[in-house]
Amino acid sequence: MPLTQTSPIESPDSLSSFAREPEVWQGRMRGFVGHESDGGPHAAWPLGRSVLMRSLMMRSITILSIAALAACGDQGPESGPGAVIAELVGPEASQGAAEIRLVGAGILAVTGVDGRVFSRKRGDTTVVVIAREAPGSLRFSIQLVDTTNTPAATVVEVAGPDNAIRGNPAAYSVRLGGGE
């Protein structure tokens, strides 16, 4: 079968000739490495190389789109002013009071979430005392200039619900979490 020559500048009917005359399309593809009529690597694919490539292209686009959306989902905390919640974590579930030392620049204020909070700031160190009338968790809010630059927190002393000092403050830590 002779090859049919059509110019891409011809009328739009020339483009539809590929759909009406598949042998024209197949004739143009003959001679390309890997064409199914050559017995090349795609000869086992009954749909031909163009359908295979289109399928691979669509899968690639789908995978890249999903990856791009997943990357946009969680960009972490935004830099800027805001508040973070600090919570005393330790071996006992309920506490009565605690003294905590915060070290870091950018602490604007400390306010209570659970219980009464007293704080004193000197330089880049802020000493926080939090106390509850009823035993429970000890949480407070730290207002910061930049929420991505959180202070280091050290537990100095912890008292139980009976106001007795707990023996091992090193067993306690402060967990800094999301804002109010």
Side-chain angles (χ1 to χ4, degrees), residues 34 41-42 44-180:
H42 297 289
W45 296 96
L47 298 177
R49 184 175 183 175
S50 63
V51 174
L52 173 66
M53 292 304 289
R54 194 174 345 183
S55 174
L56 288 174
M57 187 71 125
M58 290 305 291
R59 286 182 186 169
S60 298
I61 290 171
T62 303
I63 290 170
L64 288 174
S65 298
I66 291 170
L69 286 174
C72 293
D74 184 23
Q75 296 178 5
E78 290 186 29
S79 179
V84 294
I85 301 295
E87 180 177 10
L88 183 69
V89 179
E92 282 85 11
S94 63
Q95 317 300 333
E99 178 184 350
I100 299 166
R101 183 173 295 128
L102 302 173
V103 178
I107 299 174
L108 298 174
V110 178
T111 57
V113 174
D114 296 325
R116 296 186 63 188
V117 172
F118 306 92
S119 65
R120 182 177 181 183
K121 183 174 181 171
R122 284 206 178 160
D124 66 346
T125 302
T126 303
V127 176
V128 178
V129 174
I130 181 169
R132 289 183 61 113
E133 287 186 34
S137 65
L138 296 176
R139 298 185 309 154
F140 58 96
S141 175
I142 307 169
Q143 296 290 328
L144 299 170
V145 172
D146 183 1
T147 57
T148 60
N149 188 16
T150 57
T154 306
V155 178
V156 178
E157 202 166 57
V158 178
D162 57 354
N163 289 333
I165 301 295
R166 300 255 165 93
N168 188 9
Y172 293 86
S173 64
V174 177
R175 176 177 42 212
L176 299 175
E180 294 179 309

Within the structure provided, determine whether [X] and [Y] are in side-chain contact (heavy-atom separation under 4.5 Å).
{"X": "L176", "Y": "I142", "result": "yes"}
{"X": "F140", "Y": "L102", "result": "yes"}
{"X": "D124", "Y": "V103", "result": "yes"}

Kindly compute the distance separating [atom1] ([X]) from [atom2] ([Y]), expressed to the nearest 0.5 Å.
{"X": "E87", "Y": "D114", "atom1": "CD", "atom2": "CG", "value": "8.0 Å"}
{"X": "S119", "Y": "I100", "atom1": "OG", "atom2": "CD1", "value": "11.5 Å"}
{"X": "R139", "Y": "R132", "atom1": "CZ", "atom2": "CZ", "value": "9.0 Å"}

Closest heavy-atom pair and its distance - [X], [Y]:
{"X": "S141", "Y": "V113", "value": "N-CG2, 3.8 Å"}
{"X": "P161", "Y": "S94", "value": "CG-OG, 3.7 Å"}
{"X": "A98", "Y": "L88", "value": "CB-CD2, 3.9 Å"}
{"X": "V174", "Y": "A86", "value": "CG1-CB, 3.7 Å"}
{"X": "V110", "Y": "I107", "value": "CG2-CG2, 4.2 Å"}
{"X": "V84", "Y": "G177", "value": "CB-O, 3.4 Å"}

Criterion side chain to side chain contact (heavy atoms under 4.5 Å, CB included) against V129, the qualifying member of R120, E157, E99, R116: E99
Step through the shown structure and confirm whether more than 12 heavy atoms of other residues, nucleotides or ligands are within 6.0 Å of CZ on R166. yes
Quick one: does R101's side chain have a donor or acceptor within less than 3.5 Å of a partner on T125's backbone? no
